[in-house]
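Quick notes on the structure that follows.
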Amino acid sequence: MHTRIFLFCLIPLAAFAQTRAPASSIDKSAMNTAVDPCTDFYQYACGNWTASHPLPADRSRYGRFNELQEHNEHTLLDILQGAEAKSNRTGLDQMIGDFYASCMDTATLAKKGLAPLKPELDRIAAMKDMAGIAAEAAHLQRIGVGVLFNFGAQPDPKDSNRTIAGFVPGGLSLPDRDYYLKTDPKSVETRQHYVQHLKNTFQLAGDNPGAASIKAAMVLDFETILAKHSLDRVSMRDPNKTYNMEPRSFLAEKWAGFPWDAYFKAAGAPAFETLNVAYPDGLNNLETELGTQPVDTWQAYFTYRLLHSAANMLAQPFEDEDFDFWQRYLTGAKEPRPRNMRCVAATDVALGDLLGQKYIQLAFGADAKAQITTLVEGLERAMGDDINTLPWMTDATKAAAIVKLKAITNNVGYPKKWRDYSKVTIAADDYLGNVERAAEVMTGQRIEKIGHPTDKTEWTMTPPTVNAFYSPQNNSINFPAGILQPPFFDPRRDMAVNYGGIGAVIGHEMTHGFDDQGRKFDAAGNLRDWWTPQDGAEFEKRVSCVADEYSGFTTVDDVKLNGRLTLGENTADNGGLRISYLAMEDALKLNPSGKIDGFTPEQRFFLGFAQVWCENVTPQAARNLAATNPHSPGRFRANGTLQNMPEFQNAFACKPPAPMVRPNACRVW
Ligand SMILES: [Zn+2]
């Protein structure tokens with residue numbers, strides 16, 4: 001899943017006024033009131049939920065987000081089964097109905113075995129030299145198999161209106177470069193399991209044990225070279241570090257033996273003169289380390305990347321082997337998700353804007369869009385007031401910040417334009433082919449954008465997604481229909497809980513425009529420093545407080561969070577919850593509310609916020625997430641945010657030295 005970002009939203013005042021006094025919408029059954037809220041608010045708000053929701057066997061992490069996601073998946077399942085049931089399906093129904101049917105048809109998949117992959121495997125086996133390798137790399141990337149590096153279209157960081165070519169390290173199988181490079185016992189053990197899995201996979205594909213062992217070692221060695229030439233995740237978050245415009249000839253200067261021009265042509269790239277190279281130093285010595293590898297090493301690497309990406313589209317043994325390492329060992333899940341749910345997810349990935357059109361007809365109305373838009377506007381007002389009263393920022397930077405805030409585009413529910421799938425052919429008996437053809441058309445559409453004006457209306461999430469995102473280069477906040485529901489939002493319920501839920505999400509996304517990454521882009525989405533040096537230094541001091549705070553949290557065993565990896569998200573939580581709180585206080589002036597279920601509006605706000613984060617997670621997944629996820633685990637998103645907030649401490653009468661009162665509270669916005 002890609003990086004998740006969280007959202008926010010506000011409830012319209014009119015809706016609140018009409019719906020006074022309901023049962024509080026906090027989930028009292030989730031709470032463990034035996035815990036002192038000033039000691040561990042997450043346990044107080046979520047203790048009974050986590051105790052009464054042991055992880056399902058098919059999950060490595062399960063929380064309130066996943067509950068909502070499941071709800072959405074069932075809506076999508078109904079849509080897909082409805083389309084599949086039509087005897088003469090045409091148009092959109094044919095596309096999504098046949099795709100879903102092809103995924104569910106395990107009898108055909110079992111009968112075909114490895115056969116659907118044979119043409120691709122033959123192409124890899126036919127590679128003889130670097131020309132063949134480059135052509136095959138481009139082909140695999142086009143059909144959605146990530147190999148070697150990522151080459152494609154991106155907005156120019158310093159001129160967001162134009163789309164340029166970009167080159168980013170890639171091609172790894174394990175979740176992060178550290179998995180290849182670290183020498184602690186756990187990392188060594190993981191690589192041993194990985195090599196065994198590689199060997200098993202090659203044997204399933206027809207190799208004898210000896211050959212499979214050799215290929216397994218080749219793949220690990222090859223990927224370790226790629227890992228050494230990759231940039232760490234914290235550095236990848238720094239847009240100045242990853243901005244390096246180079247002439248097209250730069251790549252050939254670094255690696256003369258790779259036929260770059262032929263590769264770009266095979267990748268479908270239009271003509272271009274310059275490209276952004278995210279990590280130029282990563283190309284140093286690549287020619288001597290990769291360029292000298294024998295062809296059979298390249299073949300082993302490409303073959304595994306293909307088998308792994310296709311495992312769920314082949315016969316059961318491939319799927320089982322893939323699950324055994326990637327899920328059971330690496331995440332701690334005990335069994336796969338039900339096939340129909342995986343097929344729903346696969347349809348969303350391949351044909352998300354088709355499925356999304358059906359979804360919003362059922363799950364999202366113009367009325368909801370208008371209500372959320374009103375909420376967003378209320379939060380923007382609160383953020384404007386917040387910026388204007390910041391004690392540490394000079395007037396010049398404040399004025400620029402307000403310009404940026406006012407320039408934010410709000411997108412609610414679904415994108416302005418749907419993707420075009422008219423060139424994708426979907427057949428009911430060809431699951432692998434469907435996935436490859438859809439990926440090829442989508443990849444082609446993206447790469448053709450090089451050299452053209454940027455389409456700033458594009459979304460990186462599909463409408464049913466339970467998430468939200470801020471785009472620094474579009475300066476937009478985006479809220480898919482999938483998240484605009486309980487536990488985040490319900491226009492009929494207590495407003496305080498809505499502000500704690502979707503309000504905090506909206507504030508979070510808005511604050512992303514001003515976190516350690518977002519602040520480096522201006523109102524037009526260009527990488528440009530609009531801060532006075534003094535304000536920049538003050539900002540860095542404040543985010544360092546947040547980084548140190550989260551680096552102190554232990555997630556599992558001896559694994560601590562990386563406060564620099566999670567800095568943008570934690571900063572967005574830190575500012576976003578405050579902004580939503582301010583917006584709620586404004587709303588309460590117009591529509592006062594007393595206690596409900598024994599809790600004040602402020603208490604319900606913080607309970608609503610914390611209860612969004614109730615979750616259980618396996619130790620294996622906690623370890624992986626700490627290494628790779630820019631978001632902190634739920635309990636730290638709740639407690640780490642609240643222990644900095646005097647408003648929270650007032651609401652629950654928490655006093656030092658209670659753990660929920662942090663002595664040196666961090667506040668950025
Ligand atoms: Zn975020």
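What you see is a predicted model, and the numbers here were worked out from it, not measured in a lab. Order of listing sets the numbers, starting from 1, for every ligand and every atom in it. Numbers here simply count residues along the sequence, with the first being 1. Because only heavy atoms are used, hydrogens play no part in the values below, and waters and symmetry mates are left out as well, while side chains stay in.
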Q: Report yes if the distance between the aromatic ring centroids of Phe609 and Phe605 is under 6.0 Å, otherwise no.
A: no

Which atom, counting only N, O or S, brings [X] closest to the Zn ion (ligand 1)?
X      : answer
His512 : NE2
Glu569 : OE1
His508 : NE2

Q) Do you see an N/O/S atom of Asp573, backbone or side chain, under 2.8 Å from the Zn ion (ligand 1)? A) no

(Q) Surrounding OH of Tyr414 (heavy atoms of other residues, nucleotides or ligands, distance under 6.0 Å), is the total greater than 12? (A) no

Q. Has Lys182 got more than 12 heavy atoms of other residues, nucleotides or ligands less than 6.0 Å from its NZ?
A. no

Q) Charged N to carboxylate O under 4.0 angstrom, Asp455 versus Lys417? A) yes

